[in-house]
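Here the structure is laid out as structure tokens; the discussion comes afterwards.
Ligands are counted one by one from 1 in listed order, and the atoms in each one are counted from 1 as well. Heavy atoms only: backbone and side chains are in, while hydrogens, waters and symmetry mates are out.
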Amino acid sequence: MKRVVCPYCGFGCNLLIDPATLKVKPYKGEPNRGKLCPKGLHATEIVKSGERLKRPLKRVGSSMVPISWGVAIGEIANRLLEIRELYGPDAVAFLASSKVSNEENYLLQKIARLFGTNNIDNCARLCHEGSVHALKLAVGTGTQTNPYEDIPKFKSVLIWGYNPAETHPVVMDYIVRAKRNGAKIIAVDVRETRTMAFADYKLVIRPGTDIVLANALAHIIIEEELYNGDFIRSRTAGFSEVRMAVKKYTPEYAERVTGVPAEIIREVAGEFALAGSGAVMWGMGLTQHVSGVENILAVINLALLLGYIGERGGLYPMRGQNNVQGAAYMGALSEFLPGYVPLTDEKFRRRVARLWGVGDLPTERGLYLTELWEAIEKGDITALYIVGENPAVSEADFMMVRNALKKLDLLVVQDIFPTKTARYAHYLLPASAFCEKSGSYMNSERRIQWSEKACEPAYDSKPDWEILTMLGRALGLPGFNYTSVEEITSEYFRLFPELEEKSVEELKNSDGIFLPKKRLHTWEFATPDGKARFIAVEWIPPWEDPDEEYPFVLTTVRLIGHYNTGEMTLRSPSLVRLMGEPKALISREDAERLGIRNGDWMEVKTRRGKIRMRAEIGNVPGKLVVVPFHFKANRLTSPALNKAGTPEFKFAAARVKKIRNEKPTPNTPR
Ligand SMILES: Nc1nc2c(c(=O)[nH]1)N[C@H]1C(S)=C(S)[C@@H](COP(=O)(O)OP(=O)(O)OC[C@H]3O[C@@H](n4cnc5c(=O)[nH]c(N)nc54)[C@H](O)[C@@H]3O)O[C@H]1N2
Ligand SMILES: Nc1nc2c(c(=O)[nH]1)N[C@H]1C(S)=C(S)[C@@H](COP(=O)(O)OP(=O)(O)OC[C@H]3O[C@@H](n4cnc5c(=O)[nH]c(N)nc54)[C@H](O)[C@@H]3O)O[C@H]1N2
Ligand code: SF4
Ligand SMILES: [Mo]
């Protein structure tokens, strides 16, 4: 049996794969302890899919014709060099992938920076980059602070804008154990989620009002002196500003804005504060708002008020993709070098440059993934190299993105499947899938895990690291002579003091290595003075206002058996069978008013576009329509960005009506 990291979510389960049959069993060790969700269990189905990209393809006229690897890489490198000659290195952008290994992300950002640009980004931008910005401000590091194993030890778990029962099913095992040990489970969402089935308190708020609720909880904790004075005095700064700022967020005001009764807000504040320890977990319900960074600061303030840090608590921004944490740590972000080190840190930057055989690296922040489309429209970006990312479906307002993709002089897509983005490509490069290669991945708790190769690459595909090694060499960049993935692992180990002494063998023979260590901030925060910062925030309402024409709020969410843009799970027959047809959720009262019954076709329309989907009448508040994001939701969503560059995927003004239509919007699901 080969031990392979699951290709789906950031929880980071290990699959045991039988190389002969590709059958999957759960790994008994850390972190999944014998558990898997349906996606992990059926993960190898996509490897055998007949729809895999089989050989390199090049656009000639309106068709894609096969070419050899050598010719493809040679032509791509020449085009990139020509474009650099004409317009400079910043006319080119690279998109890295949260789906590929640390080594592969490390190589792509190395290529971008040696090529001369910081235009390197990944889907963290659409996801938890707001958490990174908020956490860096408040505690000095941008990641989850504690391991999963701490969750069952805490006496409360606050789950905010996060629905792990669908999105990280195996973490539910840890949450349920906490509950069994007597922890109070408090969940905040805009609808009754599956996760709430396990919650003691189910706080259903109006979309985008999170800051008001968090500030009201802080208001009560301060007013009733439930806070941890010793912790605040010795380990934090800025308490008095927050005390002032939350004065006006009375529970009664919060009830009017959020819809949660003041009594309940009081009770929850008391329970959470008196628990004595707590995990604070959050997801896209907080980050994907124009107030994303501030939402998270408001929730972090609650943990700081109570001293729920280190042994007594943890901050859990639960990472989405199986290697989104690794992609960030490897430096595949336009504002950070590896290890989240700012580009302006001259000492570190020069050290990296020396390791790579050059004098210095570009210092100016590159474009965010979400800023690329306008830059393409303006002609500032003319070439885009995409590894394992599907912006034609995953970006907000995707018709705008698709129009931009058409304008590129050069689009290279390196993927395992012919994605929607691939339709716009000039070159399509077939990558090998997760279990056809080895390498290391980092899960949400910052555990680097080795993933073994279980089978040979399908067709004429190559592992991403091999393709990128060929590209680096063809571009004439120094040091691209790798003959094994382990050589790249050893190279990135040298960038981190905690890994310098470790060997790749050690990683292979363990249940992983935590970088930089298992638990952060136990004694001291990573801020310049070692103290955490309370940062006072005011409520920032969503960007779009519902009105008479668009009276509903649209939010977009995930389902357990589908994954992101659906390119993988929609090609997994077991998951497609399990999930059935997609549906959009509305409340009973709206359904009755609009004459919609369960299973009827309805149209959901926003100021950007419309889709057709079947209706499901569910346990959601009135004037809310909940659409699964996996199919075509981004025809509808709002492109407004927050400070970290993340779109407001969770709020758009919408209109819903019944239609007579037997066909869904063309596109997915197939
Ligand atoms: N099955 C499955 N698992 C996945 C994924 C997948 O596509 N499918 N994707 C992975 C990825 S990339 C990520 S980032 C994670 C995401 O994991 P989650 O963050 O759990 O995912 P979402 O369903 O996008 O959003 C979480 C919740 O936010 C709520 N919400 C919407 N608006 C608001 C609001 O204004 N306030 C609050 N408090 N809540 C709100 C929604 O109702 C939803 O229940 O999942 C990962 N795991
Ligand atoms: N409306 C709405 N939109 C959203 C969200 C939302 O909640 N609502 N969530 C956002 C979030 S949190 C995220 S993370 C993004 C995700 O956005 P994307 O990252 O664009 O979505 P994925 O479907 O995960 O795309 C991953 C791609 O990697 C490919 N791939 C898989 N394995 C490999 C490999 O080994 N090598 C290569 N080269 N390719 C591989 C897959 O085939 C797929 O095309 O979507 C964002 N968009
Ligand atoms: S919980 Fe996440 S990592 Fe585990 S099997 Fe499911 S998708 Fe894979
Ligand atoms: Mo994500």
Side-chain angles (χ1 to χ4, degrees), residues 7-11 37-39 46 53 95 97-101 104 122-128 159-169 187-191 193-196 203-210 213 282-289 291 295 318-322 324 369 386-396 398 413-422 429-434 436-437 461 463-464 467 542 553-569 571 620 624 626-630 633-634 636-637 646-647 649-652:
Y8 290 110
C9 91
F11 180 81
C37 84
K39 290 184 297 306
I46 57 164
L53 282 177
L95 287 185
S97 178
S98 302
K99 284 263 156 277
V100 306
S101 67
E104 292 162 337
N122 78 83
C123 72
R125 190 67 58 200
L126 308 176
C127 188
H128 264 299
I159 302 172
W160 204 310
Y162 173 45
N163 184 19
E166 309 246 17
T167 57
H168 292 115
V188 185
D189 206 291
V190 297
R191 60 185 175 125
T193 60
R194 282 198 191 182
T195 303
M196 282 184 177
L203 306 188
V204 175
I205 61 169
R206 294 198 182 101
T209 62
D210 300 85
L213 178 62
W282 69 88
M284 299 298 104
L286 285 187
T287 63
Q288 293 174 337
H289 278 291
S291 55
N295 283 349
M318 293 296 300
R319 303 306 304 238
Q321 301 254 40
N322 63 333
V324 65
L369 162 54
I386 303 182
V387 177
E389 175 80 6
N390 192 16
V393 184
S394 56
E395 286 277 325
F398 69 44
V413 172
Q414 179 173 317
D415 205 292
I416 57 175
F417 287 120
T419 61
K420 299 289 179 293
T421 305
L429 302 178
S432 304
F434 68 109
E436 298 169 342
K437 60 186 180 184
S461 72
D464 292 279
I467 306 172
V553 172
L554 160 83
T555 197
T556 58
V557 304
R558 292 168 160 78
L559 306 173
I560 187 166
H562 284 305
Y563 195 82
N564 288 359
T565 65
E567 297 289 353
M568 295 164 77
T569 44
R571 291 182 169 98
V620 296
L624 181 68
V626 181
V627 172
F629 126 66
H630 315 289
N634 282 325
L636 306 173
T637 44
T646 308
F649 290 121
K650 294 287 187 262
F651 196 107

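Residue contact check: Thr419 has heavy atoms under 4.0 Å from atoms 44 (O) of ligand 2. Shown in contact with Thr637 at under 4.0 Å from a heavy atom are these atoms of ligand 2, numbered in order with element: 1 (N). Every atom of ligand 1 is numbered from 1 in the order shown, and the set under 4.0 Å from a heavy atom of Gly161 is 19 (O), 26 (C), 27 (C), 28 (O), 37 (C), 38 (N), 39 (N). Heavy-atom contacts of Gln321 reach the following atoms of ligand 2: 16 (C), 19 (O), 24 (O) (cutoff under 4.0 Å). Those atoms of ligand 2 that come under 4.0 Å of a heavy atom in Asp464, given as number and element, are 34 (C), 35 (O), 36 (N), 37 (C), 38 (N). Ligand 1 places these atoms under 4.0 Å from at least one heavy atom of Gly283: 19 (O). Below 4.0 Å from some heavy atom of Lys650 lie the following atoms of ligand 2, by number and element: 7 (O). Counting atoms of ligand 1 from 1 in the listed order, those under 4.0 Å from a heavy atom of Cys127 are 14 (S). Each of the atoms 12 (S) of ligand 2 lies under 4.0 Å from some heavy atom of Met284. Below 4.0 Å from some heavy atom of Val188 lie the following atoms of ligand 1, by number and element: 38 (N). Less than 4.0 angstrom separates some heavy atom of Ala431 from each of these atoms of ligand 2: 36 (N), 37 (C), 38 (N). Proximity to Val100 (heavy-atom distance under 4.0 Å) selects the following atoms of ligand 2: 34 (C), 35 (O), 36 (N), 37 (C).
With sequence neighbours excluded, no residue forms a side-chain hydrogen bond (donor to acceptor under 3.5 Å, both in side chains) with Ser97. Partners of Arg558 under the salt bridge (Lys or Arg N to Asp or Glu O under 4.0 Å) rule, at least two apart in sequence or in another chain, do not exist in this structure.
Within the structure, the closest approach of Met318 to ligand 1 does not fall below 4.0 Å when heavy atoms are considered. Heavy-atom separations between His630 and ligand 1 include at least one value shorter than 4.0 Å. By the 4.0 Å heavy-atom criterion, Ser432 is counted among the residues contacting ligand 2. Residue contacts with ligand 2 include Arg558, since one or more of its heavy atoms lies under 4.0 Å from the ligand.
At a 3.5 angstrom cut-off on N or O pairs, Gly208 counts as close to ligand 1. The distance criterion of under 3.5 Å between nitrogen or oxygen atoms is met by Asp210 with respect to ligand 1. Taking distance alone, with nitrogen or oxygen atoms compared against 3.5 Å, Tyr563 stays at or beyond that limit from ligand 2. On a distance-only criterion, Leu559 and ligand 1 share at least one N/O pair closer than 3.5 Å. Taking only nitrogen or oxygen atoms, main chain and side chain alike, Asp415 reaches within less than 3.5 Å of ligand 2. Ligand 1 has no nitrogen or oxygen under 3.5 angstrom from a nitrogen or oxygen of Leu286. An N or O contact shorter than 3.5 Å is missing between Lys99 and ligand 2 by distance. For the pair His168 and ligand 1, the shortest N or O to N or O distance does not fall below 3.5 Å. By the 3.5 Å distance cut-off applied to N or O atoms, Asn163 is counted among the residues near ligand 1. Ligand 1 has an N or O atom lying under 3.5 Å from an N or O atom of Glu166, backbone or side chain. An N or O contact shorter than 3.5 Å is missing between Thr209 and ligand 1 by distance. At under 3.5 Å, a nitrogen or oxygen of Asn564, whether backbone or side chain, sits near a nitrogen or oxygen of ligand 2.
Residue Arg191 touches ligand 1 through its side chain alone, judged by heavy-atom distances below 4.0 Å. If you look at Phe629 next to ligand 1, there are no close heavy atoms at all, none under 4.0 Å. At a heavy-atom cutoff of 4.0 Å, ligand 1 is contacted by the side chain of Thr555 but not by its backbone. Under 4.0 Å from ligand 2, not a single heavy atom of Glu395 appears. When heavy-atom distances to ligand 2 are checked against a 4.0 Å cut-off, Thr565 comes that close through both its backbone and its side chain.
With Gln288, His128, His562 as candidates, the residue nearest to atom 10 (C) of ligand 2 on a non-hydrogen basis is Gln288.
What you find for Ile159 and Pro164 is that their closest heavy atoms are CG2-CD, 4.1 Å.
In this structure, atom 8 (N) of ligand 2 lies nearest to the protein heavy atom Thr556 OG1, 2.9 Å. For atom 1 (N) of ligand 2, the nearest protein heavy atom (residue, atom name, distance) is Asn634 OD1, 2.7 Å. Nearest protein heavy-atom contact of atom 33 (C) of ligand 2 is Ile416 CG2, 3.8 Å. Nearest to atom 14 (S) of ligand 2 among the protein's heavy atoms is Cys123 SG, 3.5 Å. Counting only heavy atoms of the protein, atom 26 (C) of ligand 2 lies nearest to Gly388 O, 3.7 Å. The protein heavy-atom contact nearest to atom 15 (C) of ligand 2 is Leu126 CD1, 3.8 Å. The shortest contact between atom 17 (O) of ligand 2 and any protein heavy atom is with Ser394 CB, 3.0 Å.
Distance alone, capped at 3.5 Å, places no donor-acceptor pair between the Lys650 side chain and the Gly208 backbone. Side chain of Thr287 to backbone of Cys127: a donor-acceptor contact under 3.5 angstrom is found.
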